[in-house]
Amino acid sequence: METSAIEELIRSGLPDAEVEVTGDGRHFEAAVVSAAFEGKSLIQRHRMVLATVQAHIASDELHALSITSAKTPAEIA
């Protein structure tokens with residue numbers, strides 16, 4: 001799976017998100033910034049991101065996705 005495809009999956013589930021994905025073809029890392037994270041705990045934010053790619057994880061098309069950061073726009077300003 002390509003990093004751009006994973007970025008698009010995350011953006012589809014979190015339309016306002018700024019997404020950066022890196023990886024080696026099986027194991028990926030994502031940094032996500034989204035206003036949708038406002039008021040959410042870190043675990044809730046990670047679950048929101050993972051929900052956008054869950055079908056691909058279940059099918060093993062995407063083996064592993066680590067969320068390196070999940071922040072609101074205010075948290076990066």
Side-chain angles (χ1 to χ4, degrees):
M1 189 163 216
E2 298 291 324
T3 56
S4 59
I6 297 167
E7 289 173 353
E8 286 303 313
L9 288 170
I10 295 171
R11 282 191 199 102
S12 291
L14 298 166
D16 73 325
E18 293 177 33
V19 183
E20 183 178 335
V21 175
T22 58
D24 64 8
R26 289 283 287 164
H27 300 89
F28 297 92
E29 295 181 341
V32 183
V33 177
S34 174
F37 295 150
E38 193 68 47
K40 304 282 193 249
S41 70
L42 184 59
I43 191 74
Q44 289 172 316
R45 294 173 184 199
H46 283 219
R47 286 177 178 161
M48 289 169 70
V49 175
L50 289 173
T52 66
V53 296
Q54 187 57 44
H56 296 275
I57 291 172
S59 72
D60 201 37
E61 181 179 2
L62 173 57
H63 180 69
L65 178 66
S66 298
I67 293 118
T68 57
S69 69
K71 298 183 178 184
T72 66
E75 290 171 334
I76 62 163

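Scope of the values below: all heavy atoms of this structure, side chains included, with no hydrogens, waters or symmetry mates.
Heavy-atom contacts from other residues, nucleotides or ligands closer than 6.0 Å to CD of Glu2 number 12 or fewer. Summarising the local packing, CD of Glu20 is surrounded by 12 or fewer heavy atoms from other residues, nucleotides or ligands at distances under 6.0 Å.
Leu65 CG to Ile6 CD1: the interatomic distance, rounded to the nearest 0.5 Å, is 6.5 Å. To the nearest 0.5 angstrom, Arg45 atom CZ is 7.0 Å from Glu38 atom CD. Separation of atoms NE2 (His46) and OG (Ser66) is listed at 9.5 Å; rounding is to 0.5 Å. Rounding to the nearest 0.5 Å places OG of Ser41 at 7.5 Å from CZ of Arg47. Here the CZ-CG distance, from Arg11 to Asp16, works out to 11.0 Å after rounding to the nearest 0.5 Å.
Taking all atoms of both residues into account, the shortest heavy-atom contact from Glu75 to Ala70 is OE1-O, 4.3 Å. Between Gly23 and Phe28, the shortest heavy-atom contact is CA-CD2, 3.6 Å. Across Glu61 and His56, no two heavy atoms sit closer than the pair OE1-ND1, 2.8 Å. The shortest heavy-atom contact between Gly13 and Thr52 is CA-CG2, 3.6 Å. Between Ile10 and Val21, the shortest heavy-atom contact is CD1-CG2, 4.3 Å. Of all the heavy atoms in His63 and His27, the pair that sits closest is CD2-NE2, 3.1 Å.
A heavy-atom distance below 4.5 Å is not found between the side chains of Met1 and Val53.
Val32 and Leu42 are members of different hydrophobic clusters when ILVMFWY side chains are connected at heavy-atom separations under 4.5 Å.
Distance alone, capped at 3.5 Å, places no donor-acceptor pair between the Glu18 side chain and the Val33 backbone. Between the side chain of Thr72 and the backbone N or O of Ala35, no donor-acceptor pair lies under 3.5 Å.
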